[in-house]
Trainee: 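Let me give you the structure first, and then I'll get to my questions.
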Amino acid sequence: MLYSEKVMDHFRNPRNVGEIPDADGIGEVGNAKCGDIMKMYLKIDDGIITDVKFETFGCGSAIATSSMATELIKGKPLEEALTLTNQAVVEALDGLPAHKIHCSVLAEEAVRAAIKDYYDKNNIPYNPADFCDHDCEHCGAEH
Ligand code: FES
């Protein structure tokens with residue numbers, strides 16, 4: 001079996017799909033490897049992610065990882081959401097085939113971009129290293 005049951009479940013029945021019209025932070029990222037894009041919307045109250053939704057034109061693995069990522073960060077403080085790695089999402093899904101790991105990067109980066117958007121809009125200071133665009137080892141993208 002190429003895909004785990006959890007991947008198939010989140011792919012067939014993705015959680016938190018859609019748009020939050022009055023989102024506090026929006027992150028849009030593209031995957032350098034395949035060109036697929038992902039948009040993540042966050043509702044933030046007192047530093048806590050109270051709601052999250054995503055839209056993607058990515059593949060099935062991107063849908064499954066985004067769905068799982070939204071479940072992992074919902075109700076969590078921003079600092080905790082920022083530590084979410086694509087590896088953690090892949091583990092929560094019981095793995096992905098090696099050639100699909102790059103798809104999971106989209107979700108992690110979209111979460112990060114949405115939090116950065118929120119910080120920027122509200123003039124909240126942050127450590128730029130948390131949002132480095134050129135951490136190639138981490139995101140696997142070709143710059
Ligand atoms: Fe593009 Fe999976 S092939 S996100």
Side-chain angles (χ1 to χ4, degrees), residues 1-45 47-122 124 126-143:
M1 176 80 176
L2 195 52
Y3 293 102
S4 73
E5 266 173 44
K6 280 193 192 161
V7 172
M8 291 312 292
D9 175 36
H10 278 265
F11 166 58
R12 291 204 184 102
N13 179 25
R15 289 34 153 202
N16 306 308
V17 173
E19 179 188 357
I20 301 177
D22 58 343
D24 297 306
I26 300 176
E28 187 169 351
V29 295
N31 195 314
K33 287 210 171 166
C34 61
D36 288 340
I37 64 164
M38 161 88 55
K39 209 164 173 181
M40 189 74 68
Y41 302 85
L42 299 178
K43 242 355 234 179
I44 296 160
D45 191 15
I48 305 283
I49 297 173
T50 55
D51 199 12
V52 47
K53 287 205 188 319
F54 77 93
E55 292 176 320
T56 184
F57 297 102
C59 68
S61 298
I63 292 170
T65 47
S66 308
S67 168
M68 179 53 91
T70 59
E71 292 217 306
L72 291 173
I73 64 168
K74 203 168 180 173
K76 297 279 163 61
L78 290 174
E79 298 76 38
E80 206 177 317
L82 270 179
T83 64
L84 180 78
T85 61
N86 70 309
Q87 290 95 323
V89 177
V90 170
E91 269 167 37
L93 286 168
D94 294 335
L96 270 180
H99 70 285
K100 285 277 151 191
I101 294 291
H102 75 98
C103 311
S104 67
V105 172
L106 265 186
E108 177 195 318
E109 298 210 319
V111 169
R112 225 169 268 270
I115 294 174
K116 183 173 186 294
D117 180 50
Y118 168 74
Y119 284 162
D120 285 340
K121 278 180 180 150
N122 293 280
I124 297 171
Y126 54 81
N127 179 359
D130 284 344
F131 301 99
C132 175
D133 287 326
H134 296 282
D135 188 352
C136 304
E137 199 190 321
H138 164 77
C139 73
E142 290 156 13
H143 294 294

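Both counts, for ligands and for their atoms, begin at 1 and track the order of listing.
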Trainee: Kindly give the atom name of the N, O or S atom of D36 closest to atom 1 (Fe) of ligand 1.
Mentor: OD2
Trainee: Can we say D9 and R15 salt-bridge, meaning some charged N sits less than 4.0 Å from an Asp/Glu carboxylate O?
Mentor: yes
Trainee: Is there a heavy atom in M38 that sits closer than 4.0 Å to ligand 1?
Mentor: no
Trainee: Would you kindly specify which portion of K100 sits under 4.0 Å from ligand 1, judged on non-hydrogen atoms: side chain, backbone, both or neither?
Mentor: side chain
Trainee: Would you call L82 and I115 a side-chain contact if the rule is heavy atoms closer than 4.5 Å?
Mentor: yes
Trainee: Could you walk me through whether Y3 and K100 pass the side-chain contact (heavy atoms from CB on, under 4.5 Å) test, one step at a time?
Mentor: CA-CA 10 Å; Y3 293 102; K100 285 277 151 191; 3.7 Å; yes
Trainee: Is D24 salt-bridged to K121, going by a charged N under 4.0 Å from an acidic O?
Mentor: no
Trainee: Report yes or no: does C34 have an N/O/S atom closer than 2.8 Å to atom 2 (Fe) of ligand 1?
Mentor: no
Trainee: In terms of atom number and element, which parts of ligand 1 are under 4.0 angstrom from non-hydrogen atoms of A62?
Mentor: 4 (S)
Trainee: Near C59, which atoms of ligand 1 are under 4.0 Å from a heavy atom of that residue?
Mentor: 2 (Fe), 3 (S), 4 (S)
Trainee: Determine whether S4 and D94 satisfy the following criterion, side-chain hydrogen bond (donor to acceptor under 3.5 Å, both in side chains), listing intermediate values before the conclusion.
Mentor: CA-CA 6 Å; S4 73; D94 294 335; 5.0 Å; no
